[in-house]
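For the numbers below, each heavy atom of this structure counts, side chains included, while hydrogens, waters and symmetry mates do not.
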Amino acid sequence: MRTRTLALTAASGAALLAAATLTPAEASPAPGAVSAVAPRADSGVADRGGAGIKEGSVSAADLLAKVTSCSQISNGKYRTDEETSATIPVCGKNGAVFWKADMDIDCDGEITAACNANTDPWFQDDTAFHTSGDKPLSAEKLPYVVVPSSSSIWNYSSAGIKGGGVVAVIYNNKVEYAVVGDTGPSKIIGEASYATAKALGIDPDPETGGADSGVTYILFKNSQVSPIESHSAAVTAGDALAKQFIQNN
């Protein structure tokens, strides 16, 4: 984002990640809830193929066909950038929420070659949600989405959206599965990690990259990937949730 708010403290991130280790009973808090657990924790590297590789079996067209109309659940609308007017609502569907916006590039978290204070004028070395080892996420390596910080406009946690929750990000007929990994300004929407943008063929440069429009974000309620840094677990859960979403809408 062109304007950022501070991420949550490490303690807060650790507490939220602790919730990712669920018992079988806790793993299904509501109908349609999915908790994907990977067999081991990654180092933060997205365990996926290269950009352009199709993820899962559900097409972008099939998902987009279910989000052609909006039943607004947010109390107001969001801006895509500081200088724009508020035109983006958060919409509700069975088992998910979604919005259609731009994509600004989040390079916050772990310091890497692509994401650091030299490459990103707004760089912060933390993310709202942490890895299983209580480290900031790697924006360069892990596909994740930024949700607006809770406000009178909308409270993501009250809508069943959690840190580590599964997101289908759709752009230019491609689907990329990601996790909820960071929080941003309370009045701005439309942001994802460097890795998300790169996988979708969007310029991932945090200062000059991104997409002006055409990005759809579908966030699946009551889902959570464990460990949050396992991209393969996000893809497995995302494919199952996408199929369920299509059936239920």
S.K.: Return the CG to CD distance between Asn94 and Gln244, rounded to the nearest 0.5 Å.
M.R.: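 Asn94 CG to Gln244 CD: 10.5 Å, rounded to 0.5 Å.
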
S.K.: Check Glu229 with Lys135, please: is the shortest side-chain N to carboxylate O separation under 4.0 Å?
M.R.: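 Looking at Lys135 and Glu229, the cut-off is not met.
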
S.K.: Roughly how far, to the nearest 0.5 Å, is NZ of Lys162 from CG of Leu219?
M.R.: 13.5 Å

S.K.: Keeping to residues at least two apart or across chains, list the disulfide (SG to SG under 2.5 Å) pairs with something in residues 58-93.
M.R.: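 Output for this query lists Cys70-Cys91.
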
S.K.: Does a side-chain heavy-atom distance below 4.5 Å link Ser138 with Thr112?
M.R.: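 The answer is yes, as the side chains (C-beta and beyond) meet within the 4.5 Å cut-off.
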
S.K.: Which residue pairs satisfy the salt bridge (Lys or Arg N to Asp or Glu O under 4.0 Å) criterion with at least one member in residues 233-246, sequence neighbours excluded?
M.R.: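 Every pair satisfying salt bridge (Lys or Arg N to Asp or Glu O under 4.0 Å) with a residue in residues 233-246: Asp239-Lys243.
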
S.K.: Kindly state each residue pair satisfying disulfide (SG to SG under 2.5 Å) with at least one member in residues 139-181, sequence neighbours excluded.
M.R.: none

S.K.: Any heavy-atom pair between the side chains of Tyr156 and Val180 that's under 4.5 Å?
M.R.: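 A side-chain contact under 4.5 Å is absent here.
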
S.K.: Once ring-ring contact (aromatic ring centres under 6.0 Å, His included) is applied, do any residues pair with Tyr217, and if so which ones, sequence neighbours excluded?
M.R.: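 Tyr217 satisfies ring-ring contact (aromatic ring centres under 6.0 Å, His included) with Trp99 once adjacent residues are dropped.
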
S.K.: From Tyr144 OH over to His231 NE2, what is the distance, rounded to the nearest 0.5 angstrom?
M.R.: 14.5 Å

S.K.: When you compare the side chain of Thr131 with that of Leu137, does any pair of heavy atoms fall below 4.5 Å?
M.R.: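 Leu137 reaches Thr131 side chain to side chain.
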
S.K.: Sequence neighbours excluded, which residues qualify as side chain to side chain contact (heavy atoms under 4.5 Å, CB included) partners of Asp212?
M.R.: none

S.K.: What is the distance from atom CG of Asp120 to atom CD1 of Ile111, rounded to the nearest 0.5 Å?
M.R.: 11.5 Å

S.K.: Give the minimum heavy-atom separation between Thr119 and Pro121, together with the two atoms involved.
M.R.: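 What the structure gives for the nearest pair is O-CD, 3.9 Å.
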
S.K.: Can you check whether Ser149's main-chain N or O pairs, donor with acceptor, with Thr183's side chain at less than 3.5 Å?
M.R.: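 Not a single qualifying donor-acceptor pair exists.
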
S.K.: If a pair satisfies ring pair (Phe, Tyr, Trp, His ring centres under 6.0 Å) and one of its residues is in residues 164-200, list it, with sequence neighbours excluded.
M.R.: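 Matches after skipping sequence neighbours: none remain.
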
S.K.: Please name the pair of heavy atoms, one in Glu176 and one in Thr196, separated by the smallest distance, quoted to 0.1 Å.
M.R.: CG-CG2, 4.4 Å

S.K.: Please tell me if the side chains of Lys93 and Ile218 come closer than 4.5 Å, counting only heavy atoms from C-beta onward.
M.R.: no

S.K.: If only atom types and distance count, is the side chain of Ser223 paired as donor or acceptor with the main-chain N or O of Val166 below 3.5 Å?
M.R.: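 Pair found, side chain donor or acceptor close to backbone of Val166.
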
S.K.: Could you tell me whether a side-chain N or O of Thr236 sits under 3.5 Å from a main-chain N or O of Ala233, the two making a donor and an acceptor?
M.R.: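 Side chain of Thr236 to backbone of Ala233: no pair is present.
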
S.K.: Roughly how far, to the nearest 0.5 Å, is CD of Glu83 from CG of Asp81?
M.R.: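 Nearest 0.5 Å value for the CG-CD distance: 4.5 Å.
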
S.K.: Can you name the nearest heavy-atom pair linking Pro143 to Ser193, along with the distance?
M.R.: CA-OG, 3.5 Å

S.K.: According to disulfide (SG to SG under 2.5 Å), does anything in residues 108-165 pair up with another residue at least two apart or in another chain? List the pairs.
M.R.: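 Only Cys107-Cys115 qualify under disulfide (SG to SG under 2.5 Å).
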
S.K.: Is it true that a side-chain atom of Asn172 and a backbone atom of Lys174 form a donor plus acceptor pair closer than 3.5 Å?
M.R.: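 Here the side-chain-to-backbone pair does not exist.
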
S.K.: Can you give each donor-acceptor pair under 3.5 Å made by side-chain atoms of residues 71-78, sequence neighbours left out, with the distance rounded to 0.1 Å?
M.R.:
residue	atom	partner	partner atom	Å
Gln72	NE2	Ser74	O	3.0
Gln72	NE2	Gly76	O	3.3
Ser74	OG	Gly76	O	2.7
Ser74	OG	Val90	N	3.1
Asn75	ND2	Ser152	O	2.8

S.K.: List for me each residue that meets side chain to side chain contact (heavy atoms under 4.5 Å, CB included) alongside Ser59, sequence neighbours excluded, and say none if there are none.
M.R.: Ala61, Asp62

S.K.: The criterion is side chain to side chain contact (heavy atoms under 4.5 Å, CB included); which residues satisfy it with Lys187, sequence neighbours excluded?
M.R.: Ile153

S.K.: Applying side chain to side chain contact (heavy atoms under 4.5 Å, CB included) to Leu142 and Glu110, what does each step give before you reach the verdict?
M.R.: CA-CA 10 Å; Leu142 181 69; Glu110 180 185 343; over 6 Å; no

S.K.: Restricting to non-hydrogen atoms, name the atom on Ser150 and the atom on Asn155 that form the minimum distance, rounded to 0.1 Å.
M.R.: OG-OD1, 3.2 Å

S.K.: Determine, step by step, whether Val169 and Val215 satisfy the side chain to side chain contact (heavy atoms under 4.5 Å, CB included) criterion, reporting the C-alpha distance in whole Å, the side-chain angles of both residues, the deciding distance to 0.1 Å, and the verdict.
M.R.: CA-CA 7 Å; Val169 188; Val215 185; 3.8 Å; yes

S.K.: Rounded to the nearest 0.5 Å, what separates atom CG in Asp203 from atom CE in Met103?
M.R.: 11.5 Å

S.K.: If you compare all heavy atoms of Pro89 against all heavy atoms of Thr87, which two are closest, and at what distance to 0.1 Å?
M.R.: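 What the structure gives for the nearest pair is CD-O, 3.3 Å.
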
S.K.: Does a donor on one side chain and an acceptor on the other come within less than 3.5 Å for Asp182 and Thr127?
M.R.: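 Side-chain D/A pair, Asp182 to Thr127: absent.
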
S.K.: Check for a donor-acceptor pair, side chain of Asp108 on one end and backbone N or O of Gln124 on the other, with a separation under 3.5 Å.
M.R.: yes

S.K.: Is there a side-chain contact between Phe220 and Val167 (heavy atoms, below 4.5 Å)?
M.R.: no

S.K.: Compare every heavy atom of Ile88 with every heavy atom of Ala101, then report the nearest pair and how far apart it is.
M.R.: CB-CG2, 4.4 Å

S.K.: Mind checking what makes side chain to side chain contact (heavy atoms under 4.5 Å, CB included) contact with Ala60, not counting sequence neighbours?
M.R.: Ile170, Asn173, Val175

S.K.: With sequence neighbours excluded, tell me which residues meet side-chain hydrogen bond (donor to acceptor under 3.5 Å, both in side chains) with Thr84.
M.R.: Thr80

S.K.: Is any side-chain heavy atom of Val179 closer than 4.5 Å to one of Phe129?
M.R.: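 No; the side chains remain at least 4.5 Å from each other.
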
